[in-house]
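Per chain, numbering begins at 1; letters A, B, ... match sequence-line order.
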There are 2 protein chains.
Amino acid sequence: MSETQPLSELSPTDLAAFRDAQQTAYDALVASGLKLDLTRGKPSAEQLDLSDGLLSLPATTTTPDGVDARNYGGLAGVTELRAMFAELLGLELDQLSAQGTSSLTLMKDVLSYLWLKGGVDSERPWGAEEKVRFVCPVPGYDRHFTLLEWFGIEMVPVPMTDDGPDVDAVTALVADDPSFKGMWLVPTYANPTGQVTTQEVAERLASMPTAAPDFKIFWDNAYALHHLTAEETKTADIVSLAAVSGHPHRPVLFASTSKITYAGAGVAFVGGSRETVTWFHANLGLGSIGPDKVNHLRHLEFFGTPQGVRDHMDKHRELLAPKFAEVERILDERLGGLGVATWTHPRGGYFVSLDVLPGTASRVIELAKTAGVALTPAGSAYPYRRDPDDTNIRLAPSFPTLAEVTGSMEAVATCVLLAAAEKLLG
Amino acid sequence: MSETQPLSELSPTDLAAFRDAQQTAYDALVASGLKLDLTRGKPSAEQLDLSDGLLSLPATTTTPDGVDARNYGGLAGVTELRAMFAELLGLELDQLSAQGTSSLTLMKDVLSYLWLKGGVDSERPWGAEEKVRFVCPVPGYDRHFTLLEWFGIEMVPVPMTDDGPDVDAVTALVADDPSFKGMWLVPTYANPTGQVTTQEVAERLASMPTAAPDFKIFWDNAYALHHLTAEETKTADIVSLAAVSGHPHRPVLFASTSKITYAGAGVAFVGGSRETVTWFHANLGLGSIGPDKVNHLRHLEFFGTPQGVRDHMDKHRELLAPKFAEVERILDERLGGLGVATWTHPRGGYFVSLDVLPGTASRVIELAKTAGVALTPAGSAYPYRRDPDDTNIRLAPSFPTLAEVTGSMEAVATCVLLAAAEKLLG
């Protein structure tokens, strides 16, 4: 699109002039006193407003199957809400449990149960193993990695490709080494790259031989319904794929309404084979007499039907798509053709993944910070916060207003250009 | 009150006649087809109705300190709700965290963190110790015991006295044996005995030497505000007592609104020293981006002030006190003076603890079950479900209607008398 030439082809004099121009632009940015934030994948206030109908619900306190939602009980959650999201997630009712507000908490719970007790198909608790390792597609979700770090689980990165995780790399790691107990995967609109794991890759992950008999795919379908275009990508049916390939208990699914209704007050889900869900409840039940069924009922009444959820997501798309388009426009206009960055073009989810010149990501983030634009810390999308090439920056345009996205991204572009020029000048 | 004589003083003939009379009464009970339940400490529908104002709250989505309750963040919970319950529980603001709906979940979380990471004052994670044991006052809360069992923590019972746990027994156990890492205590209106731990006992528990440097008192103040009389028992200030005696991190407090608002959709709290709360959040934060702040705000608006909570509890008392009085009346009228049972006279909480003739509790529970009256399984109030004397039965009269309490208790009395007569006849 751009007619400019790659920075690396500029003469030293031209490059120095370019650097000086960017420095001047940057100084002006700093002087302008920005206070902007592109760090977290948080819904905006406008998006949250879409769900304010929740505030005066539920209209009744009895679930359709006759349970008083206000009292104790019902470990699996409100049946009809489970049915609604089972349909949306392509599961059977008894393959899904509805719980509290956070799928991250459910991931920690599942890891705790595996660690202390072992899974349906474990020979012993994971905590009794000499070493436990996880395959981590990168760049990935920082909270996935810090959670594993808390457990002392060693993380081994594999690259994300356009089709999902590099499945050759995954299969090679897990085939002979029983210390590999699991892997993370955000199958649809991955955090932060936006990639969608294809049916073929999912099938290979479901069927691949693993040395560990209890290998788990933590299938974090956080953005299952979070389309940015009219095309509604369908997530691969990992539970069925795993079942037919003889590894029925391999996947553990996670999802939530955090980015459908309220980020802090939605409903989170955990799923898998019937046995996995039964196992989850058996361990959960030691510390729970049931989830917040009133909030389940509130959500059930708010949506009415699975189609109600899809319709609701269209409203989110109307708010989000222009922000993503603005990120794309500015990256393209400011950085296109200069050979200093590549970026993803997500068709859903909450992030744009920006790769700058190797060795400049932390410099860009530092420059942006000084200019008042908060970006996710360098290396966040990698295990142990180590981005080996210091190249990746995660951009989260959902929370700021459109005008703030414009301001932030113009600033980010300036920082990328300045850091690139500095780098090329050596 | 009763003018009858102890059964044990009856002649064999009179006793046999008494047994036959009870058998006839019991057969009539069975024939009447009861379907009653005294098993769980659940609020009744009428009690839950008291909080239905929650259903159309919150009226705003912004907390008093300007936070959007609908979005992510705020790991400690909504400040003003914490302040409200800190006042009610006698804590400073930063000694209390407001979380999800269940204090039982918080207990499991705290145990998990101690197990995997160790506490503020631990030398190593509890899971790395050769053996971990807990002191368990008995009879106690079944879910406390099953939770420890899940972790593989060995339970050693000590008796409850009228002043709280037998503190001499506790101090003797923990003084020299570092495997004792903690103890359970429901300090106010204990489950199931209703006893209140006195200031003196609390002081001794706070100050007693323990071989383990990281000994914890799990201070489950589930019934802090749940008075059955006009006298509002004040719970001992264990956090201050522990601080002044040099063991500031010993207590971990738990409380919730499960029996204040909704049993399944309230707010739970965890507290202790500032360092304990900071430690809790540091571990919690790996698997949480913050609790349900909308529900916090809902509760804050519903109560308005700490006095609002107290006033609300008066309404619960109006509903509960007649049920407890009915239990007392029937036990007294039917069993008084017969030397076959003793029972507690709780001034708060949710239970009456009934001790029948040694060796007959499981028979009474079996008889009641056959007659259609569900009682908590024999031994439930003891670690490993082992009531050494087979004597204890927990009665929970909150959930049934008053008429159902009458029916249940008349049935229970008949079962107690029949079992006693059978036992005495040998």
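Both the backbone and the side chain of B/Leu55 come within less than 4.5 Å of a heavy atom in chain A. Interface remark: B/Leu111 contributes no atoms to any contact with chain A (heavy atom separation under 4.5 Å). At a 4.5 Å heavy-atom cutoff, the contact between A/Leu48 and chain B is made by backbone and side-chain atoms alike. Neither the backbone nor the side chain of B/Ala59 comes within less than 4.5 Å of any heavy atom in chain A. Using a 4.5 Å cut-off between heavy atoms, A/Leu106 makes no contact with chain B at all.
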Please tabulate the donor-acceptor pairs under 3.5 angstrom that span chain B and chain A, backbone and side chains included.
| unit_1 | atom_1 | unit_2 | atom_2 | d |
| --- | --- | --- | --- | --- |
| B/Pro43 | O | A/Asn71 | ND2 | 2.8 |
| B/Asp49 | OD1 | A/Arg70 | NH1 | 2.7 |
| B/Asp49 | OD1 | A/Arg70 | NH2 | 3.3 |
| B/Asp52 | OD1 | A/Arg70 | NH1 | 3.0 |
| B/Asp52 | OD2 | A/Arg70 | NH1 | 3.0 |
| B/Arg70 | O | A/Ala263 | N | 3.1 |
| B/Arg70 | O | A/Gly264 | N | 3.0 |
| B/Arg70 | NH1 | A/Asp49 | OD1 | 2.7 |
| B/Arg70 | NH1 | A/Asp52 | OD1 | 3.0 |
| B/Arg70 | NH1 | A/Asp52 | OD2 | 3.0 |
| B/Arg70 | NH2 | A/Asp49 | OD1 | 3.3 |
| B/Asn71 | ND2 | A/Pro43 | O | 2.8 |
| B/Tyr72 | OH | A/Lys259 | NZ | 3.0 |
| B/Thr105 | N | A/Gly287 | O | 3.1 |
| B/Thr105 | OG1 | A/Gly287 | O | 2.5 |
| B/Lys108 | NZ | A/Tyr113 | OH | 3.1 |
| B/Lys108 | NZ | A/Asn283 | O | 2.6 |
| B/Tyr113 | OH | A/Lys108 | NZ | 3.2 |
| B/Lys117 | NZ | A/Trp150 | O | 2.4 |
| B/Trp150 | O | A/Lys117 | NZ | 2.4 |
| B/Trp150 | NE1 | A/Asn283 | OD1 | 2.8 |
| B/Lys259 | NZ | A/Tyr72 | OH | 3.1 |
| B/Ala263 | N | A/Arg70 | O | 3.1 |
| B/Gly264 | N | A/Arg70 | O | 3.0 |
| B/Asn283 | O | A/Lys108 | NZ | 2.6 |
| B/Asn283 | OD1 | A/Trp150 | NE1 | 2.8 |
| B/Gly287 | O | A/Thr105 | N | 3.1 |
| B/Gly287 | O | A/Thr105 | OG1 | 2.5 |

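Under the rule for a ring pair (Phe, Tyr, Trp, His ring centres under 6.0 Å), A/Phe399 has no partner lying at least two apart in sequence or in another chain.
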